There are 2 protein chains.
Amino acid sequence: MEKSVETRAQIVAAADRLFYERGFEHTSFTAIADAVQISRGNFYYYFKTKDDILAAVIESRLAATRRMLQQWEAEAPEPMGRIRRFIHVVLDNGPDIRNFGCPVGTLTAELAKLDHPCRPAATALFTMFRTWLGCQFAALGREAEANALALHVLAFSQGIATLSNALGDENFVRREVERLEAWLDAGASSRSPHQ
Amino acid sequence: MEKSVETRAQIVAAADRLFYERGFEHTSFTAIADAVQISRGNFYYYFKTKDDILAAVIESRLAATRRMLQQWEAEAPEPMGRIRRFIHVVLDNGPDIRNFGCPVGTLTAELAKLDHPCRPAATALFTMFRTWLGCQFAALGREAEANALALHVLAFSQGIATLSNALGDENFVRREVERLEAWLDAGASSRSPHQ
DNA sequence: GTCTATAGACCGATAGAC
DNA sequence: GTCTATCGGTCTATAGAC
């Protein structure tokens, strides 16, 4: 029983990475099974369909994101520092994003095109960030616009990730991160700096 | 001969749309042939491999983009109006972007994950917009930062498109477009409005 | 009779599913 | 480990215009 839990986790971890690097559809059962070094027969003991794996991967990402946000909260007690933490993700994960884009953005885009049943679950990843960012802006006394500000930060980051992936220009990423930080700093001190 | 050119164009048009709506990999030969109402055998008379179709589709998109930019230049003689035209695309194509994302962004992201030989060609679509936007900013007297400003507008639009597709929130799109326009207006009057 | 365009049988490989 | 469907891709046959 202990072993089965571990194997399952390994499958999810391998699928998670492969879905990110190659895309969901382009990743075959065989590729996942090979990565975990188990037979395809054994594989079906854990997951019956490919959609089941995807659901598990998304659930795992949701849990991982929740943990990451909690850690950010612990490490940065002030809302500004927390938001800055989020903004810097695109720099911290620079190489991955340059190679494969944002894991959230690219997955939701793919599932939208596939009209996949797991699409809402993937969207929940976005919502989790939005809610969290919204809370930080609310804590800054911007309750009324908290959601809009959160979405702005989210969208800005997505744009950076997309172009980083397309052009591979690290300087561009740094420049835009600075721009977003400057916007953030200006906004925290004045009431409505960017209308 | 005349007929063949027309059929070829129809194939490219159908593939273009299907690649956009369903993604490149998820679109089969059969699906394209069905859309054009020709047999699969006839299909191979025009294109030998799937990559050939993709290359033709990208080339077609490049040509279409070139035409669109020229039209914008004709319709809006001033750089500011032209840039605004670009910014408004995300509103003009609202439903498509909500359903399928940005055609350029989602294609480059997919090809990056597939490590596809056509990836550079797809990136050229981005570069075409960047160059054009850069020219407009240069015409505004911002030669030194023209490229950076162009990339900012491009990234911002990509972010809007990604979140529009993920969340389907039309109000968000309008809000962010206004924000970007405000940034543009502020930037044109002052030397360096955003650092 | 040649050339263009079309159709459809057919192939090996591999996918997901059980 | 086997099954079936479908994938991208190849091949040949043929219909009609010139």
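Side chains are part of it too, since the values below use all heavy atoms of this structure and drop only hydrogens, waters and symmetry mates. This structure is a prediction, so every number in the text was calculated from the model and none was measured. Protein chains get the first letters and strands the later ones, always in sequence-line order, with residue 1 at the start of each.
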Could you check whether [X] gets within reach of a base, just the sugar-phosphate, or nothing at all, counting any heavy atom under 4.0 Å?
X: B:F29; value: sugar-phosphate
X: B:T27; value: sugar-phosphate
X: A:F43; value: nothing

Spacing of [X] atom [atom1] relative to [N] atom [atom2], expressed in whole Å:
X: A:I32; N: C:dA15; atom1: CD1; atom2: C1'; answer: 12 Å
X: B:Y46; N: D:dT10; atom1: OH; atom2: P; answer: 18 Å
X: B:Q10; N: C:dA5; atom1: CD; atom2: P; answer: 13 Å
X: A:D34; N: C:dG16; atom1: CG; atom2: C1'; answer: 15 Å
X: B:R8; N: C:dT6; atom1: CZ; atom2: C1'; answer: 17 Å
X: A:E25; N: D:dT6; atom1: CD; atom2: P; answer: 14 Å
X: B:I11; N: C:dA7; atom1: CD1; atom2: P; answer: 11 Å
X: A:F24; N: C:dG16; atom1: CZ; atom2: P; answer: 8 Å

Given [N], is OP1 or OP2 found less than 4.0 Å from the side-chain N or O atoms of [X]?
X: B:Y44; N: C:dG8; value: no
X: B:N42; N: C:dA7; value: yes
X: B:T30; N: D:dT6; value: no

Using the test side chain to side chain contact (heavy atoms under 4.5 Å, CB included), find all partners of B:A35 that sit at least two apart in sequence or belong to another chain. B:A14, B:L18
Could you go step by step and tell me if B:I53 and B:F43 meet the side chain to side chain contact (heavy atoms under 4.5 Å, CB included) rule? CA-CA 10 Å; B:I53 313 171; B:F43 191 96; 3.3 Å; yes
Among the nucleotides [options], which one has an atom lying closest to any side-chain atom of [X]?
X: B:S39; options: C:dA15, C:dA7, D:dG9; answer: C:dA7
X: B:R40; options: C:dA5, D:dT2, D:dG9; answer: D:dG9
X: B:Y45; options: C:dA7, C:dT4, C:dA17; answer: C:dT4
X: B:S28; options: C:dG16, C:dT6, D:dC7; answer: D:dC7

Does A:A56 offer a backbone N or O that forms a donor-acceptor pair with the side chain of A:S60 under 3.5 Å? no
Would you say that more than 12 heavy atoms from the other residues, nucleotides or ligands in this model lie under 6.0 Å from the CD of B:E75, or not? yes
Using ring centroids (six-membered ring only for Trp), state whether A:F47 and A:F29 fall under 6.0 Å.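 For A:F29 and A:F47, the ring centres are not under 6.0 Å apart.
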